[in-house]
Amino acid sequence: MDAKIGGLIESIGNFFTGGDQIPWCDRDVISGCEREVAVASDGDSDERKNESIMRLSWALVHSREKEDIQRGVAMLETSLGNDKSPLHLREKLYLLAVGYYRTNDYTKSRQLLEQCLEIAPDWRQALSLKKAVEDRIAKDGVIGIGITATVVGLLVGGVATALARRN
């Protein structure tokens with residue numbers, strides 16, 4: 001019984017907080033990735049530099065700071081055309097989708113995930129994020145309907161009260 005109540009409370013909490021399973025990244029990891037990119041830029045191979053930039057992009061879009069997420073999205077968008085490998089494109093599209101999800105642009109996130117799933121239809125991470133995105137879109141729709149219904153109810157109540165007072 002306690003497990004059922006705990007599960008119910010957790011599901012209600014997840015409804016309001018958007019309880020997803022996407023990891024967060026702290027500032028120390030981002031700083032380490034930035035140092036790695038700086039070292040790789042000083043004479044390392046292009047492959048090592050690109051790997052370092054991808055790690056930094058991953059860290060940035062998984063940050064709790066909106067500025068870091070936006071920086072990661074900008075880096076990924078800039079590098080999208082540079083890779084011919086479907087695997088690299090898939091990774092970049094997924095990370096972009098995470099970034100847009102974290103900045104509450106669910107429509108853009110879903111579009112990127114659909115592109116990602118065209119490359120790898122059975123990729124569990126992308127499928128899981130797509131479900132989270134669609135859940136958030138549905139939740140936002142339910143909240144929007146609730147707000148609209150409340151406003152309409154208040155207006156009808158106000159009009160009814162005004163008419164009752166007039167008579």
Side-chain angles (χ1 to χ4, degrees), residues 10-148 151:
E10 182 178 339
S11 68
I12 291 170
N14 286 343
F15 179 81
F16 288 106
T17 62
D20 58 55
Q21 301 300 315
I22 302 170
W24 293 100
C25 188
D26 63 15
R27 191 71 201 134
D28 294 337
V29 173
I30 294 170
S31 296
C33 290
E34 289 171 333
R35 283 191 298 278
E36 184 182 334
V37 168
V39 167
S41 295
D42 292 336
D44 278 354
S45 69
D46 284 343
E47 183 179 338
R48 172 122 165 86
K49 183 179 172 184
N50 289 338
E51 288 173 4
S52 299
I53 290 171
M54 278 299 290
R55 277 192 286 280
L56 176 58
S57 298
W58 183 95
L60 289 169
V61 299
H62 286 86
S63 173
R64 293 185 186 272
E65 302 297 322
K66 195 169 200 108
E67 298 81 27
D68 289 339
I69 296 168
Q70 290 169 341
R71 195 171 125 215
V73 165
M75 287 174 64
L76 288 161
E77 285 179 338
T78 300
S79 70
L80 260 184
N82 297 346
D83 273 316
K84 304 298 182 234
S85 163
L87 180 63
H88 289 147
L89 179 60
R90 176 192 82 164
E91 294 289 330
K92 289 178 181 180
L93 290 170
Y94 175 78
L95 290 176
L96 274 170
V98 169
Y100 282 112
Y101 176 78
R102 289 280 166 89
T103 58
N104 302 327
D105 188 345
Y106 305 122
T107 303
K108 182 73 172 170
S109 181
R110 182 171 51 185
Q111 290 169 350
L112 289 163
L113 287 164
E114 287 170 358
Q115 290 177 36
C116 185
L117 289 168
E118 287 176 12
I119 297 168
D122 297 329
W123 192 25
R124 288 186 191 165
Q125 269 184 297
L127 290 168
S128 175
L129 180 57
K130 186 175 181 194
K131 182 182 180 333
V133 167
E134 289 172 349
D135 289 348
R136 289 299 295 241
I137 290 170
K139 181 188 101 172
D140 287 354
V142 167
I143 290 172
I145 290 169
I147 290 170
T148 302
V151 168

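Values reported hereafter were calculated over all heavy atoms of this structure, with side chains retained and with hydrogens, waters and symmetry mates removed.
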Report the distance from atom OG1 of T103 to atom CD of Q70, rounding to the nearest 0.5 Å. 7.0 Å
Just verifying a value: how many Å separate L80 CG and K92 NZ, rounded to the nearest 0.5 Å? 6.5 Å
Review item, side-chain donor-acceptor pairs of residues 110-134, under 3.5 Å, at least two apart:
{"from": "K131", "atom 1": "NZ", "to": "D135", "atom 2": "OD2", "distance (Å)": "2.9"}

Find the distance between SG (C25) and CG (L60) and round it off to the nearest 0.5 Å. 8.0 Å
Could you tell me which residues satisfy side chain to side chain contact (heavy atoms under 4.5 Å, CB included) with T78, sequence neighbours excluded, listed by chain and number? none
For the residue pair Y94 and L96, establish whether any side-chain heavy-atom pair is separated by less than 4.5 Å. no
Heavy-atom nearest pair, I30 first then R27, reads CG2-NH1, 3.0 Å
Would you give the length of the straight line joining atom OG of S41 to atom CZ of R48, rounded to the nearest 0.5 angstrom? 10.5 Å
L95: which residues meet the side chain to side chain contact (heavy atoms under 4.5 Å, CB included) condition with it, sequence neighbours left out? M54, W58, V61, H62, L76
Could you tell me if the side chain of I53 sits less than 4.5 Å from the side chain of S57, heavy atoms only? yes
How close do S63 and R102 get, counting heavy atoms only, and between which atoms? O-NH1, 4.1 Å
Would you check if I22 and V98 make a side-chain contact, meaning some heavy-atom pair closer than 4.5 Å? yes
